[in-house]
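The structure appears below as structure tokens.
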There are 2 protein chains.
Amino acid sequence: MTESAPSASRQAQKERTRQAILASALELSHEKGFAQVSLRQVSRHAGVVPTAFYRHFESMDQLGLALVEQSFSTLRRMIRDAQRDPHVFDNIIDAAADVLVEAVKQSKAHFAFVARERVGGPEVVRTAIRHELDLFVSELAVVLARLPNIENWSTEDVQMVSRLFVRNMVSNAEEVVEMPDGRPDLEEQIKEGARRQMRLIVVGFRDWRS
Amino acid sequence: MTESAPSASRQAQKERTRQAILASALELSHEKGFAQVSLRQVSRHAGVVPTAFYRHFESMDQLGLALVEQSFSTLRRMIRDAQRDPHVFDNIIDAAADVLVEAVKQSKAHFAFVARERVGGPEVVRTAIRHELDLFVSELAVVLARLPNIENWSTEDVQMVSRLFVRNMVSNAEEVVEMPDGRPDLEEQIKEGARRQMRLIVVGFRDWRS
DNA sequence: GAAATGAGTGAACATGCGTACACTCAAAGT
DNA sequence: ACTTTGAGTGTACGCATGTTCACTCATTTC
């Protein structure tokens, strides 16, 4: 980023370039997967010479890890916001389906990144994503454990339901991401599917009592 | 494959080289993903000069499609064998869990390929895999529809259960594939998880009746 | 047995890559 | 005002890649 603003505090400009690199990597990853994106391509797309890349990340792997971090912080913020919404308590399922579809649509790029690189990315990136998802399962379990019908379940059961929910979230996120752009009907269909699946999990669990 | 057997019918030798290329691609894909494997690497690993590659596949994309085909024919053979096993009828769930884990262990490479390239691979490969999985959902639906408790369900419900089963199969296959080698305990754990999840789906569906 | 076929060879090419190095030249620190 | 700092530049390198082309020579065809 040679000089777009006439001047900016030195570190502000640096941060701006850093974000440009991150955004470029995210965008380029969408077409062919992070692993096929080269350092030179990212730099070029960010409007910077390849060597400048190293001022911000010491390798493409590190860039990948930064993207994982960015993606999950986005995800976490959304879940936190959703929890504040009071109507989540009386109908978690519909709310979750709504939140999921909306969240994925809003930051499609990050969700796509996680879904793709979780299995297709470089080793270090895959590991980081798995770790974050495991964390996320535990976090969700805490939230779930406070819910009316669930509060007297065993820890393992709650953990398992949480795992199923996250797994379904990932699967549904994959679907939303693959969704063509101007098709709100498909979106509703996926939402409905997500609702059904979650209801299935909850109903199944209640009638089964581990 | 210059000449390993002193002589072999011309086309037999060609087929052998073809298989060597397929096997090499599968093996190399396991470490870094199909998309990062180069034509030259595959050729080298198959013991053949790069130009010879073109005698068998017109591009890496075509090689990828051939691998998809090979993987799914493996998968289908396994399901067909499993259906012959009579005890599948009285307890589909446990049987399915067994079959899944066993099948995945036996042809780990192919399952890993499908799981990875389904989301991480080149466009054409992803499309092919999705298509095969959709087919597979429909095929499984036919099998399920014949089952005792399910025969009077609506077509959509059967299709949806089938989709859930396949989705779970894929997820569990991912887990088995990621499983370290000498850990039969983990294996049993995954099997148990698969059993629970499938039971959940079935129980949930029965008590819900669409 | 001579001719045709075609799987596999080997050299050559243009291109894109990651990284090293010496550099510029404003902003920040003094 | 001066020096120092460090984000971004430009050149140059060695290397792996996909694809081309003219080739060999054992097997198949006649």
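Any value given below was found using the heavy atoms of this structure, including those in side chains, with hydrogens, waters and symmetry copies removed. Residue numbers start from 1 in every chain, and the chains themselves are labelled A, B, ... in the order their sequence lines are given, proteins ahead of strands.
Computed from coordinates, the A/Glu15 CD to D/dG8 P distance equals 11 Å when rounded to whole Å. Rounded to whole Å, the distance from CG on B/Asp61 to C1' on D/dG18 is 13 Å. Whole-Å rounding puts the A/Arg16 CZ to D/dG6 P distance at 20 Å. For the pair A/Arg10 CZ and C/dA26 P, the computed distance is 11 Å after rounding to whole Å. Across the protein-nucleic acid pair, A/Gln62 atom CD and C/dT19 atom P stand 12 Å apart, rounded to whole Å. One atom, CZ of B/Arg40, and another, P of C/dT15, lie 16 Å apart when rounded to the nearest Å. We find that CD of A/Gln13 is positioned 6 Å from P of D/dG8, with the value rounded to whole Å.
In this model, the phosphate group of C/dG8 is approached by a side-chain N or O of B/Thr17 to a distance below 4.0 Å at OP1 or OP2. OP1 or OP2 of C/dC17 has at least one side-chain nitrogen or oxygen of A/Arg44 nearer than 4.0 Å. For the OP1/OP2 pair of D/dT17 and a distance below 4.0 Å, the side-chain nitrogens and oxygens of B/Gln41 include at least one atom meeting the criterion.
Scanning all heavy atoms of the two residues, the minimum distance from A/Phe113 to A/Gly64 falls at CZ-O, 4.0 Å. When all heavy atoms of B/Leu26 and B/Leu67 are compared, the pair lying nearest together is CD1-CD2, 4.0 Å. When all heavy atoms of B/Ile93 and B/Arg199 are compared, the closest pair comes out as CD1-CA, 3.7 Å.
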### Message
Run B/Met160 and A/Gln197 through side chain to side chain contact (heavy atoms under 4.5 Å, CB included) and show every step you take.
### Response
CA-CA 9 Å; B/Met160 181 188 159; A/Gln197 289 153 28; 4.1 Å; yes
#### Entry: Worked verdict on B/Asp98 versus B/Arg195 for salt bridge (Lys or Arg N to Asp or Glu O under 4.0 Å)
CA-CA 9 Å; B/Asp98 284 5; B/Arg195 264 191 291 266; 3.8 Å; yes
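Judged by distance alone, the side chain of B/Ser43 and the main-chain N or O of B/Val48 form no donor-acceptor pair under 3.5 Å.
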Pair up each side-chain donor or acceptor in residues 53-60 of chain A with any protein partner under 3.5 Å, not counting sequence neighbours, and list the distances.
unit_1, atom_1, unit_2, atom_2, d
A/Ser59, OG, A/Asp61, N, 3.4
A/Ser59, OG, A/Gln62, N, 3.3

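Residue contacts for B/Arg18: at a heavy-atom cut-off of 4.0 Å it reaches no nucleic acid atom on any strand shown.
Among the nucleotides D/dT28, C/dA27, C/dA7, the one closest to the side chain of B/Lys14 is C/dA7.
Contacts with DNA chain D (heavy atom under 4.0 Å) in residues 25-39 of chain A: none are found. Residues from residues 51-59 of chain B that place a heavy atom under 4.0 Å from any atom of DNA chain D, listed by number: B/Thr51, B/Tyr54.
B/Gln19 and B/Lys14 form no side-chain donor-acceptor contact under 3.5 Å, judged by distance and modelled atom types alone.
Screening B/Arg126, B/Arg118, B/Arg76 against B/Glu132 for a salt bridge (charged side-chain N to carboxylate O under 4.0 Å, His left out) leaves a single residue, B/Arg76.
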